[in-house]
Every structure is written in C-alpha cells, then in structure tokens.
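Computed from heavy atoms alone, side chains included, the values below leave out hydrogens, waters and symmetry copies. A, B, ... follow the sequence lines: proteins, then strands. Residue 1 opens every chain.
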Amino acid sequence: MNDIGVKLKETLIDLDIDGIQPLIENALKEGINPHILVKYLIDGMRSIGDQFELGDVYLSELIMASEIMKIALDIIKPYISKNSRKSEGTVIIGTVEGDVHDIGKNLIKTMLKTNGFDVVDLGVDVPTSLFIEKVREIRPDILAISSLLTTTMPKIVDIIEALKNAGLRDQVKIMIGGATIRQEWASNVGADGFAPDMVSAIKVCQNLLSNS
Amino acid sequence: MSVNEFNSKERMIAALNLEEPDYVPVAPYIWRQYIPKVNGLQISDWVLGDIETKVKSSIKAYQHYNYDWILTGVNKPVNWKDHAIIKNYGDFYEVIETHQTNGNTSVWKLPIDETPPQEIGDLSLENLIETLEYEKTPFNELTVGSCYDFAQRLVEEVGNDVLVTGILGAPFGEVCCRLGLKPTIISLFRNPDLILEAVDLLTQSLIEQAKALHEVGIEALWIEEMFAGTDIISPSQFEKFSLPFAKKLVKELQKRSMKCIFYFCGAPMKILDSLLTIKADAYAFEEDKKGFKIDLGVIHEHTKNKACLFGNFDSLYTLRSTTNEVEENVKKMIRNLAPGGGFILGTGSPILKNVPITNIETLVRTAHKFGQYPIQI
C-alpha cells in the first residue's frame with residue numbers, strides 16, 4: 001500500500017473527520033484513480049470492522065468511521081462512472097412500520113455500498129405495502145429488514161407473508177436484523193438470513209447471493 | 001416483622017435497605033405499554049387520557065397483580081390538549097402540539113394501540129444548550145405547572161401502602177433523546193466540550209425535576225440511562241460523558257433521602273466497577289439482547305452488601321412463553337439471587353402488550369409462593 005493508502009486508512013482508523021476531505025481532494029487532484037481510493041477506504045473500514053468484532057472498537061467509533069466514509073464517498077462519487085464498477089447485487093433496506101431506529105440500518109447501508117452493493121434505502125417507519133411495492137418495482141437480490149422493537153417484530157412476519165401473497169417471495173432473499181431478534185426467531189419466521197451486527201451483515205449478504 | 005406484616009411499600013423499602021422483608025418484592029416494569037391492557041383500554045387512551053385515567057388505571061393494575069410498586073412520571077400540563085390539534089387517521093393519531101414553555105410546535109404520531117415511537121429530537125447542539133439555559137426552572141416553580149399532578153395523586157391515593165416510584169431519564173441519555181443518538185455520538189468526537197456542557201445543564205434540570213417529584217411525595221426514583229452501555233459507546237466515553245453526571249444526580253437526590261434505582265440499559269459488564277461508584281441504592285439491568293450477555297450472578301457478587309439488585313426477568317421471550325417456563329425461571333432467579341435480602345424481582349424491559357396477563361400473574365404468584373424469607377427453594 002502506498003503513502004496515500006496508508007494515510008487514508010489512518011485517517012479512518014484515527015476517526016479524523018476533519019482530515020478526510022482535504023486528503024481525498026488532494027489525492028484526486030494528483031490524479032490518483034478514484035477506484036483505488038475507494039479500495040483503500042474499504043480496507044480501512046474492514047480493519048475497523050475487524051476491531052469491532054474483537055471488541056476493541058465500539059459502535060460509536062463505527063458510526064464515526066461510517067460518517068467519514070460517507071463524506072469520502074460523496075467527494076469521490078462524481079469521479080466514478082456508475083458503469084465502471086460491477087455491482088455485487090441490489091439490496092433494498094428499511095426499518096419496519098412503527099419503528100424509527102436507523103443507526104444499525106445506516107451502518108449496514110454504508111458497509112454494503114463500500115462492498116460494492118447497490119442499496120435502495122426506504123428509510124424508517126416503512127409500511128409493509130411499500131416494501132412489497134419496491135420489491136416488485138426494483139427486483140432486488142436481497143430485502144434487508146430492520147426491527148429494533150419487540151412490538152414491531154411481527155411486521156417482519158407481515159412482510160414475508162405479503163411477499164408470498166404477491167408471488168414475490170421466491171424472487172428475493174430476506175435478511176433481517178435488530179436488537180431483540182434472535183437467530184431462532186429469524187429461522188422460524190422464514191427469513192433467509194439473520195445479521196446480529198453490521199460486520200456479519202456483509203457476510204450474510206454475500207453468502208445469500210453465492211448460494212442462490 | 002413477621003410474615004405478611006409488610007405492606008408493599010415496606011417490603012420494597014426493606015429490600016432497598018438490603019434487609020430481608022417477608023418475601024421477595026415484585027416490581028415488574030409495567031408502564032404505559034401495558035397498564036392500558038389491564039384496564040381494557042388502548043395505549044392511545046392512556047397517552048391522551050387525563051390524570052384521573054392514569055391514576056385509576058395504574059392503581060387497578062397494581063391491585064389486579066398485587067406487585068409492590070407503581071411507576072409514575074412527569075406528566076404533560078393538564079391543559080396540553082387545549083394547545084394541540086389531534087387528528088385521527090384510523091390506525092394512528094397525528095398530534096400537533098404547541099409547547100407552553102417555549103412556544104415551539106412538535107408533530108408526533110401516536111398509534112392507536114401500539115407503543116408510540118420514542119420522541120427523538122432534532123435540535124442542533126447549540127440550540128439544545130440555548131434551550132436548556134432558557135428552561136432552567138427551580139423545582140418550586142415546576143410544581144405550579146401541574147406537571148406533577150399524576151405523581152401527587154398517586155401518592156395521595158396509595159402512597160402509604162405502595163412505593164410510588166418516579167421515572168426519570170439519566171443526563172447523558174436525555175441528551176441523546178433531545179439531539180438524536182447519531183448526532184450525539186458524532187458530537188462526542190467533534191464537540192466534546194459542548195456535549196459536556198449540555199449534559200451538565202440537563203443534570204441540573206433533572207435535579208430540579210426530581211426535587212419537584214419529592215415535593216409531591218415521591219420517595220423513590222427509577223433513573224434510566226438508555227444509551228451509555230458499551231454496546232454503544234466506549235468505556236472511556238462512558239466515564240467522561242455519563243458517569244460523573246449520573247453520580248451528581250444520585251448524590252443530590254440521596255441528600256433528600258430519595259431512594260435511587262439506577263436502571264442501566266445496554267452492556268454493563270466492562271464498566272461494572274465504574275457503574276457501582278454511582279452509589280445508587282439499587283441497580284437494574286436489561287435482559288440479554290443486542291448481542292450482549294448480562295451476567296447477573298457476577299453483578300450480584302459486586303453489589304452484595306452495597307446495593308440492592310433488581311432481577312432482570314426476560315420480558316422479551318420468557319415472559320411470552322408458557323406459564324411453566326415463567327415459573328421455573330422465577331424460581332431459578334430467586335434461588336440464585338434472593339437469599340440474604342437486597343433483591344427485588346424486576347423485569348429487564350418494559351412489559352409489552354403482547355405478554356399474556358396470565359404470565360404476569362404467574363410471575364407474581366411464584367414469587368409470593370417461593371420467595372418467602374428465609375428462601376428455601
């Protein structure tokens with residue numbers, strides 16, 4: 001990894017939110033390939049993700065790193081042609097109706113994007129009908145559903161049922177996540193995958209697509 | 001006192017004082033998500049209901065289950081609906097509320113019969129500090145505004161027999177609620193001094209609110225720290241932004257002989273020793289979730305003879321399973337944690353409306369049957 005790569009990775013790991021913009025802008029001015037910059041940023045996020053799995057880094061630091069990543073990608077985005085990169089797959093993500101939690105969902109969105117997925121974010125408090133409408137319209141590879149509250153967990157069941165009734169269930173893989181959800185419950189309600197955190201969400205998505 | 005000579009309040013106070021009462025007190029987290037169900041009401045009936053509705057339904061739930069406390073809190077001004085427009089959209093209400101303290105308007109959604117989404121603010125940090133400076137109100141002026149009527153009425157009705165306990169947010173968690181969790185976290189890194197200023201101002205405001213609750217007869221407080229666990233922030237961030245202010249709040253309230261029950265949401269195990277420096281009268285924790293484990297046995301070893309411990313009976317899964325599961329897990333918790341006193345059977349989270357009423361009856365009945373001191377399960 002050359003100097004810019006080292007500096008990018010360090011800026012992320014050090015959570016230097018003020019340093020990322022000048023670093024990226026200078027690198028682009030010097031003609032460094034934007035894809036290379038994205039690669040270094042992904043390396044940095046993966047490193048932070050690994051530390052998170054080990055318990056050396058906490059959610060607050062992940063959120064900060066994600067914020068820095070978002071700033072960096074927003075600067076780089078105009079320099080990257082959409083057609084120039086291969087998409088790993090399309091994911092629709094949203095938090096169920098009645099629930100407004102979004103931190104985990106947004107972290108997963110950032111990680112999915114940095115790992116090459118196209119992501120359509122429906123936001124929070126999303127009615128079941130909108131999930132179905134967007135699956136029908138966009139035909140994603142994966143529908144990622146978030147529910148942090150026990151009171152809104154039944155909405156996940158509603159969505160899966162509605163997909164069946166609409167004849168769409170077999171056309172999409174469903175990944176679910178949220179603080180109160182357990183693997184056993186996820187399996188019982190018919191989800192294809194369960195992600196307890198941001199880091200495992202990427203692996204789950206990749207596995208779902210490689211198995212389909 | 002001999003068996004069954006304790007009333008509910010005496011039972012709770014004995015446990016909070018690290019003594020053995022007649023039997024293990026039962027203090028499930030029954031609040032606005034569940035009280036309506038016991039009374040044949042919908043959750044929105046409770047939220048939009050007047051003070052007397054709240055008082056009567058709280059007492060009815062307590063009398064039905066025969067547990068040992070009643071929760072209360074700071075209510076909206078009794079005439080708040082005079083300054084609000086409430087529209088019914090079938091499965092939810094839209095409430096457009098003008099706040100009398102500062103003239104600001106907020107719009108919030110109230111499902112007919114589901115837990116309302118938590119109100120998360122969207123103020124900037126600078127605006128929050130400005131608002132908190134503006135909102136500084138000494139406690140004796142607070143009680144004039146009728147926001148403490150709910151607490152006062154409960155104390156008047158049942159305060160001699162049951163421990164009426166006020167719910168209060170902890171300072172750091174309250175800042176997160178006012179700003180939004182993500183903006184708060186970003187500010188921990190970008191504007192730590194401003195966050196400290198905001199948390200300090202909120203601490204002062206919470207102290208005055210607690211004093212106002214004390215003025216109307218509240219003797220115990222349930223202080224909720226919602227966002228300071230290591231599942232969210234690092235131990236060093238907890239020590240800097242949450243711990244000193246929680247300590248300050250508890251110390252001030254204990255000067256007024258108020259019992260402080262510190263309910264810590266989130267992962268506590270890495271910061272247990274620090275948490276105990278708050279010197280609350282009691283500690284309560286969530287059940288296992290969000291990917292972390294809560295080892296109440298280890299916690300008990302740390303709190304023994306220092307603070308009362310609330311049991312974190314699982315209200316998410318176990319309390320929704322069979323009555324047999326409920327009974328077995330209550331017995332297990334009592335067997336492991338109750339001997340010697342200083343233990344109260346609580347739930348890890350608020351009980352939600354999809355918990356069968358019979359399971360809560362089983363919880364309380366099992367505690368009464370097997371929780372008599374000395375414990376002999």
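For the pair B:F238 and B:S274, the minimum side-chain heavy-atom distance is below 4.5 Å. Inter-residue side-chain proximity for A:F194 and A:V204 is flagged as unmet; no heavy-atom pair is nearer than 4.5 Å. Side chains of A:K155 and A:S147 form no contact here, defined as non-hydrogen atoms less than 4.5 Å apart.
Within the 4.5 angstrom heavy-atom criterion, no atom of B:K353 approaches chain A. When heavy atoms are compared at a cutoff of 4.5 Å, A:D125 approaches chain B solely by way of its side chain, counted from C-beta outward.
Note on B:L352, B:I232, B:T230: by heavy-atom pairs under 4.5 Å with chain A, the leading option is B:I232. Taking B:E114, B:Q237, B:R190 one by one and counting their heavy-atom pairs under 4.5 Å with chain A, the maximum is reached by B:R190.
Both tests hold for A:R182 against B:Y317: distance to the six-membered ring centre under 6.0 Å, angle to the ring axis within 45°.
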